[in-house]
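Below is one structure, written out as C-alpha cells; comments come after it.
Below, all heavy atoms of this structure are taken into account, side chains as well, without hydrogens, waters or symmetry copies. Letters A, B, ... are given to chains in the order of the sequence lines, protein chains preceding strands, and every chain is numbered from 1.
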Amino acid sequence: MNQQKPMIELRQIRKSYGSHEVLKGIDLVVPRGKIVSIIGPSGSGKSTLLRSINMLEETSSGEIWLDGQQVNRPLKGRVFEKHINHIRQEMGMVFQQFNLFPHLTVLQNIMIGPMRLKGLTKTAARDRANALLAKVGLADKGQAYPARLSGGQKQRVAIARALAMQPKVMLFDEATSALDPELVEEVNQVMKQLVSEHMTMLIVTHEMRFAAEVSDHVLFMDGGVVVEQGDPRQILSNPIEERTRVFLRKHLSN
Amino acid sequence: MSFDFSVVWSYSQLLLTGLLWTIFITVLAGSISILLGIVIATTTLYGSRIASLPMRGIIFLFMGTPLLLQLYLLYYGLSQVGIMLPAFWTGVIGLGLHYAAYNADIFQASLKAVDPGQMEAARSLGFSRGATRRYFIIPQAVLTALPQVGNNSIILLKDTAVLSVLGISELVLDAQRAISETYRPFEFYFTAALLYYVVNLAMEFMLSIAGRKTEEIR
Ligand SMILES: Nc1ncnc2c1ncn2[C@@H]1O[C@H](COP(=O)(O)OP(=O)(O)OP(=O)(O)O)[C@@H](O)[C@H]1O
Ligand SMILES: [Mg+2]
C-alpha cells in the first residue's frame, strides 16, 4: 500500500441538523499507524464527526477518504449500500454505550461479523474470537451473555468484536465515559496495547491524561470547528487559543 | 340430584380425543398467529406502503371485531362467493388470523423498543440494514415479546372452544356429544374445564422456562 496516503483524510466536512450546522468545514488527517485524539466540550460535534467517517451520519458536503478510497462516493441505492457496507468492514467502531448484542453470547458477538460478512467458517471464526478474547483478558467469558458482564468487560468485548473484522482503523467514541472510574483503566490498557501494535486510531475522549499519553496528535474542537491542533504536550500544557485554555482549565482541574 | 363422575370415565376416550384436537388446533393456530404476527409487524414497520396497507387492514379488522363473527364470515360468508374451506381449516385459519393481529401489535411495539444502538453497532460492522434486522433486531424483539405472546397463546387455547360452533371436533364439542347421550352436563363441562386448566398450567410452565432463559440476556 501507498505509504504516502494517510489512513483517514477528511476535507471540509460539513454537517447540519436542519438549520443547525454542527460541523463547519472540518479538515483532519490520521496518518497510517498513528493515534489522533479529539477533545472538546459537549456538543462541539466530536461524535458527529466520528460517525460521519463511516457514514452513520450523512454529511452535507466534503470528502471522506480511507486508505486511498473515497468513503462518501456519490453512488446511489444498492450500489452505494454495497460500497458502504464493504468500507465499514475496514473501520472498527467502539461506542460509549458498548452496544453489544444482548441475545448473543460473548463469543457469538465476536464471531458473527467474520462469519456472516467475511465468510469465515465457524471454526475459524471461533479461533479468531478466542484469540481476541484472550488478548482483551476475557478468555473465560466466551459463553457469558453481555448482561452478565461489568461495563469494563463489555467494552473490552466490544473492542474484540470490532477487531475481529480486522479493520484498518479503529474509531473510539468516548469508550470509557460510561464506565465507573475503577473500570476505566482496564479498557485503557487494551487501547494502549493496540497503540503498541501500531493500529491506526482516532479517539474521541474526555480523558486528557490518556490523550496526552497515547496520542501523536490532538485536535481541540468547539462549535463545529477545529480550534487548535498539534502535538499533545503542546496542546494540553501550553495551548495558544483562549477557548482551548478555558476548556482545559475546566477539565484538568477535576 | 347428585353428581356422578363415574359416567365421565366411560367417555374418557372421547374426551381425550377432544383434548388432543384442542391441543393440535392450539399448536396450529398458535404457530400461524406467531409467524404471521412477525410478518405483519415487520412489513408494517419496514415494508413499502403498498405492502403494509393490507397488513394494517388485517390488524384493524381482526382486532376490532369478535372472533365468532370472523369465523362465521370466513365459513358461511365466503362459501356464498364460492370459497369453501373445510370447517377445521376455517377454524384454524380464523383463530390464527385473529391472534396474529394481537401478536403483530406486540411485535411492533417490541421491534420499536430495540435500542437504536443495536442498528448502529451492526451497521458499523458492515451489516446491511436487512441483515441487521434479520440477525439482531427481530430476534431481540421476539425475545422481548415472548411473555406477552405466550399469554396470547394461552388465551388462544381457551378460544379454541369457540370453534365448536362450526362443528369442529375439539374438547367442548366432544363434551357436548357425551352430554347428549348421558344428560350429565355438569360432570362433562366440569371435566372439560379441568382439562383446559391442566393444559393452561402446562403452557404457563413452559413459558416460565422460556422466561428464565430470556432473563439471562437482560
Ligand atoms: N440527531 C440529532 N438531531 C439534531 N441535532 C443533533 C443530533 N445529534 C446531535 N445533534 C447536535 O449536534 C451537536 C453536536 O453533537 P455531538 O453529539 O456530535 O457532540 P459531542 O461533541 O459528541 O458532545 P458530547 O461530548 O456530549 O458527546 C449538538 O449540538 C447536538 O445537540
Ligand atoms: Mg459525543
Side-chain angles (χ1 to χ4, degrees), chain A residues 47 50-51 53-57 78 80-106 108-118 143-149 154 157-158 161-167 169-173 178, chain B residues 34-35 37-38 41-42 45-51 106-150 207-218:
Chain A
S47 295
L50 205 67
R51 295 154 51 81
I53 296 175
N54 66 2
M55 295 196 75
L56 284 181
E57 302 285 354
R78 282 180 185 278
F80 173 75
E81 275 293 311
K82 236 185 128 176
H83 157 77
I84 197 64
N85 290 339
H86 182 76
I87 284 262
R88 280 174 179 154
Q89 293 182 23
E90 308 191 324
M91 298 192 251
M93 188 160 203
V94 175
F95 302 86
Q96 187 174 345
Q97 297 299 335
F98 329 124
N99 295 342
L100 292 180
F101 306 125
H103 62 305
L104 302 180
T105 64
V106 163
Q108 290 167 335
N109 262 275
I110 303 173
M111 288 164 64
I112 193 163
M115 276 174 67
R116 299 285 181 200
L117 301 172
K118 298 219 152 176
Q143 301 306 322
Y145 283 93
R148 294 281 167 275
L149 303 181
K154 281 182 193 167
V157 173
R161 176 178 70 180
L163 290 174
M165 297 300 288
Q166 302 185 325
V169 55
M170 288 286 283
L171 311 172
F172 291 86
D173 190 3
Chain B
I34 291 168
L35 294 179
I38 293 173
T42 48
L45 284 183
Y46 305 145
S48 66
R49 197 179 279 262
I50 299 160
I106 293 165
F107 284 129
Q108 275 183 352
S110 45
L111 283 167
K112 284 188 206 157
V114 173
D115 176 8
Q118 294 289 305
M119 177 60 86
E120 299 201 334
R123 297 305 309 269
S124 78
L125 287 171
F127 282 93
S128 69
R129 195 178 292 274
T132 301
R133 285 169 183 159
R134 176 168 159 208
Y135 297 124
F136 306 105
I137 312 289
I138 296 173
Q140 287 179 46
V142 168
L143 285 173
T144 327
L146 202 65
Q148 279 177 286
V149 168
L207 256 182
S208 75
I209 289 177
R212 225 169 299 154
K213 197 93 198 97
T214 57
E215 273 310 299
E216 260 182 64
I217 69 161
R218 266 174 234 284

Are Phe127(B) and Arg88(A) close enough that some pair of their side-chain heavy atoms sits under 4.5 Å apart? no
For the residue pair Gln140(B) and Pro102(A), establish whether any side-chain heavy-atom pair is separated by less than 4.5 Å. yes
Between Leu100(A), Ile87(A), Leu171(A), Val94(A), which shows the greatest number of heavy-atom pairs under 4.5 Å with chain B? Leu100(A)
Pairs of heavy atoms under 4.5 Å with chain B: top-ranked of Met55(A), Glu90(A), Arg51(A), Lys82(A): Arg51(A)
Inter-residue atom distance [X].[atom1] - [Y].[atom2], 0.5 Å rounding:
{"X": "Tyr145(A)", "Y": "Lys213(B)", "atom1": "OH", "atom2": "NZ", "value": "5.0 Å"}
{"X": "Thr132(B)", "Y": "Phe101(A)", "atom1": "OG1", "atom2": "CZ", "value": "7.5 Å"}
{"X": "Arg123(B)", "Y": "Asn54(A)", "atom1": "CZ", "atom2": "CG", "value": "10.0 Å"}
{"X": "Leu125(B)", "Y": "Asn85(A)", "atom1": "CG", "atom2": "CG", "value": "11.0 Å"}
{"X": "Ser128(B)", "Y": "Arg78(A)", "atom1": "OG", "atom2": "CZ", "value": "9.5 Å"}
{"X": "Leu117(A)", "Y": "Tyr135(B)", "atom1": "CG", "atom2": "OH", "value": "8.5 Å"}

Interchain contact, Leu143(B) with chain A, by part (heavy-atom threshold 4.5 Å): side chain
Cut-off 4.5 Å, heavy atoms of chain A, and the answer for Ala131(B) is neither
Phe98(A) meets the ring-ring contact (aromatic ring centres under 6.0 Å, His included) criterion, sequence neighbours left out, with none
For Thr214(B), does its backbone N or O pair with a side-chain atom of His103(A) as donor and acceptor, under 3.5 Å? no
Is [X] in contact with chain B via its backbone, its side chain, both, or neither, using a 4.5 Å heavy-atom distance?
{"X": "Gln89(A)", "result": "both"}
{"X": "Phe95(A)", "result": "side chain"}
{"X": "Arg161(A)", "result": "both"}
{"X": "Pro146(A)", "result": "neither"}
{"X": "Ile112(A)", "result": "both"}
{"X": "Met165(A)", "result": "side chain"}

Among residues 109-121 of chain B, those lying within the under-4.5 Å heavy-atom range of chain A are Asp115(B), Gly117(B), Gln118(B), Glu120(B), Ala121(B)
Counting only heavy atoms from other residues, nucleotides and ligands, does the tally under 6.0 Å from CD1 of Ile209(B) exceed 12? yes
